[in-house]
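Data first, discussion second: the structure below is written as structure tokens.
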Protein chains: 2
Amino acid sequence: MNDSALTPERILAAAEEVLRRYGPGKATVVDVAQALGVSHGSVYRHFASKVALRDAVLRGWLERVMAPLDAIATSRTAPPARLRQWLTALRDIKRNKVLGEPELFATYSALAADAREVVGEHVEHLLGQIETIVAAGVKSGDFRKVDAQATALAIFDATSRFHYPGMAHLWNTPGEDAAFAQLLDLLLAGLTPTTAPPRRRKSAS
Amino acid sequence: MNDSALTPERILAAAEEVLRRYGPGKATVVDVAQALGVSHGSVYRHFASKVALRDAVLRGWLERVMAPLDAIATSRTAPPARLRQWLTALRDIKRNKVLGEPELFATYSALAADAREVVGEHVEHLLGQIETIVAAGVKSGDFRKVDAQATALAIFDATSRFHYPGMAHLWNTPGEDAAFAQLLDLLLAGLTPTTAPPRRRKSAS
DNA sequence: TGAATGACAGATTTCAATATCTGTCATTCA
DNA sequence: TGAATGACAGATATTGAAATCTGTCATTCA
């Protein structure tokens with residue numbers, strides 16, 4: 001069954017497959033070992049515990065699935081549009097997962113539910129991206145002179161209704177898109193400078 | 001054991017007590033009947049089902065516990081301060097319940113979790129109150145000319161991170177108060193008129 | 001000699017037998 | 001005669017014995 005040496009990568013891939021197939025409640029490390037054609041003891045040479053293995057799978061998934069956000073966060077789009085784009089993308093990623101592959105989403109939500117550490121890092125990463133956009137907006141004059149870090153957190157919190165997995169049960173009710181759009185408008189309005197119109201970084205083409 | 005006639009009110013009170021004592025997972029209508037010294041069949045004369053009974057208990061609790069909000073929503077405080085006050089009160093009510101009586105909160109959260117109907121009405125009620133305040137602010141010129149209903153929903157959504165029971169696990173982490181204050185600031189900023197300063201309803205005393 | 005094994009202890013989960021619960025209704029009670 | 005009862009059927013929950021799982025480690029293997 002096994003082709004090459006037993007590496008963390010191969011274990012990770014097998015674990016992911018097993019988790020997909022059986023779900024987080026049923027997947028055992030014996031299953032993973034079996035899928036690799038090795039004894040379950042061997043798995044423990046590469047991962048300290050089942051929790052460590054699950055964490056690693058979750059980490060990989062989060063990285064893969066959230067990749068599009070990195071690109072948006074550092075794009076050259078004007079900050080207001082970029083923030084909209086980024087928040088919309090975050091929402092869409094989760095929403096599409098929920099609606100498109102509910103079981104898979106449930107699986108990863110379950111993993112996330114008892115992986116404080118990993119989720120914490122992930123959230124920090126996202127907050128950093130929002131902060132980048134906000135800071136860019138403040139610098140360009142598109143946004144008020146807010147504390148970028150604190151404001152990033154406020155934005156993240158304000159939108160959690162639309163991206164926190166525990167809220168997923170609300171994501172396919174009618175009016176959902178409109179509600180999100182309204183919230184975005186309100187937040188963007190809250191970032192707009194009150195007095196002078198923002199100076200543009202570049203003249204419009 | 002029983003003093004007077006069997007009324008819905010007495011059943012409700014007994015049901016509440018039983019729910020408090022045993023929790024929503026253990027409380028049975030047999031328990032409720034026993035507490036009243038009647039057969040469980042009698043309970044069904046007054047409530048069509050266990051679900052109806054649980055709904056009624058939840059409704060009563062929500063009404064009681066959210067009473068302070070009504071007063072704030074219709075007070076004469078200037079809309080911006082009033083909105084802050086109202087949202088803070090909503091948060092404090094839930095937060096104090098979670099931190100002060102976690103088991104009781106868990107009980108009512110569990111009831112709420114499968115009482116879409118009741119919760120829906122409750123949310124509508126809360127939205128109505130926010131709408132009242134927003135509309136007052138628009139009228140007084142303290143707020144931009146927003147759609148009061150849609151904006152009320154946006155405000156409710158934006159703050160759900162701080163009042164939705166599913167988020168309760170975050171409510172006693174450090175920095176929580178600051179995060180809430182930041183969010184409030186951002187939302188209020190989003191409501192502030194961009195151009196002229198708001199005209200006051202009354203001259204300051 | 002370093003990687004893999006598999007037997008093992010203690011913890012956790014499964015499963016089916018048993019008990020309890022919900023909701024109904026023919027009967028009793030006052 | 002209207003309110004209360006309690007036996008009942010089907011659904012749901014509990015329980016504890018048996019099975020499985022996690023993580024370790026002395027041993028085997030190449």
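Convention: sequence-line order gives letters A, B, ...; per-chain numbering from 1. Keep in mind it's a predicted model, so treat the numbers as computed, not measured.
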If C:dC29 has a Watson-Crick or G-U wobble mate with both distances under 3.5 Å, name it; if not, just say none. D:dG2

Length of the CD1-P vector between B:I11 and C:dG23, whole Å: 14 Å

In this structure, how many angstroms lie between the P atom of D:dT20 and the OH atom of A:Y22, rounded? 14 Å

Heavy atoms from other residues, nucleotides or ligands near CD of B:E117 exceed 12 (cutoff 6.0 Å): no

Would you mind checking if B:R21 and B:E17 are paired as a salt bridge, meaning a charged N to carboxylate O distance below 4.0 Å? yes

With the side chain defined as heavy atoms from C-beta on, B:S39 is closest, among C:dT22, D:dT22, D:dG6, to D:dG6

Does the structure show a Watson-Crick or G-U wobble partner for D:dA9, both distances under 3.5 Å? Name it, or say none. C:dT22

From CZ of B:R10 over to C1' of D:dA3, roughly how many Å is that when rounded to an integer? 14 Å

Please report, rounded to the nearest Å, how far the C1' atom of C:dT22 is from the CZ atom of B:R54. 13 Å

By the 4.0 Å heavy-atom rule, please label A:V29 as base, sugar-phosphate, or nothing. sugar-phosphate

Given that B:R45 and B:K50 both sit by DNA chain C, which one's nearest nucleotide is further toward the 5' end? B:K50

Taking D:dG23, C:dT5, D:dG6 as options, the one with an atom nearest any side-chain atom of A:S42 is C:dT5

Considering heavy-atom distances to DNA chain C, does B:V51 or A:H46 have its closest nucleotide positioned more toward the 5' end? A:H46

Give me the ring orientation class for A:W61 and A:Y108: parallel if the planes are under 30° apart, tilted from 30 to 60°, perpendicular past 60°. parallel

Could you tell me the Watson-Crick or G-U partner of D:dT15, where both distances fall under 3.5 Å? Say none if there is no partner. C:dA16

Determine, for A:R161 against A:E176, whether the closest basic-nitrogen to carboxylate-oxygen distance falls under 4.0 angstrom. yes

Among C:dT24, C:dA4, C:dT5, find the nucleotide with the atom closest to the side chain of A:V38. C:dT5

Rounded distance (Å) that lies between atom P of D:dA26 and atom OH of A:Y44: 18 Å

Rounding to an integer number of Å, can you tell me how far A:L6 CG sits from D:dC29 C1'? 16 Å

Let me spell it out: for each of A:A48 and A:D31, pick the nucleotide of DNA chain D with the closest heavy atom. Which residue's pick is nearer the 5' end? A:D31

Would one find a side-chain N or O of B:K26 under 4.0 angstrom from OP1 or OP2 of D:dT14? yes

Select one nucleotide: of D:dA7, D:dT22, D:dT5, the one nearest the side-chain heavy atoms of B:H40. D:dA7

Ion pair check, A:E16 and A:R64, cut-off under 4.0 Å: yes

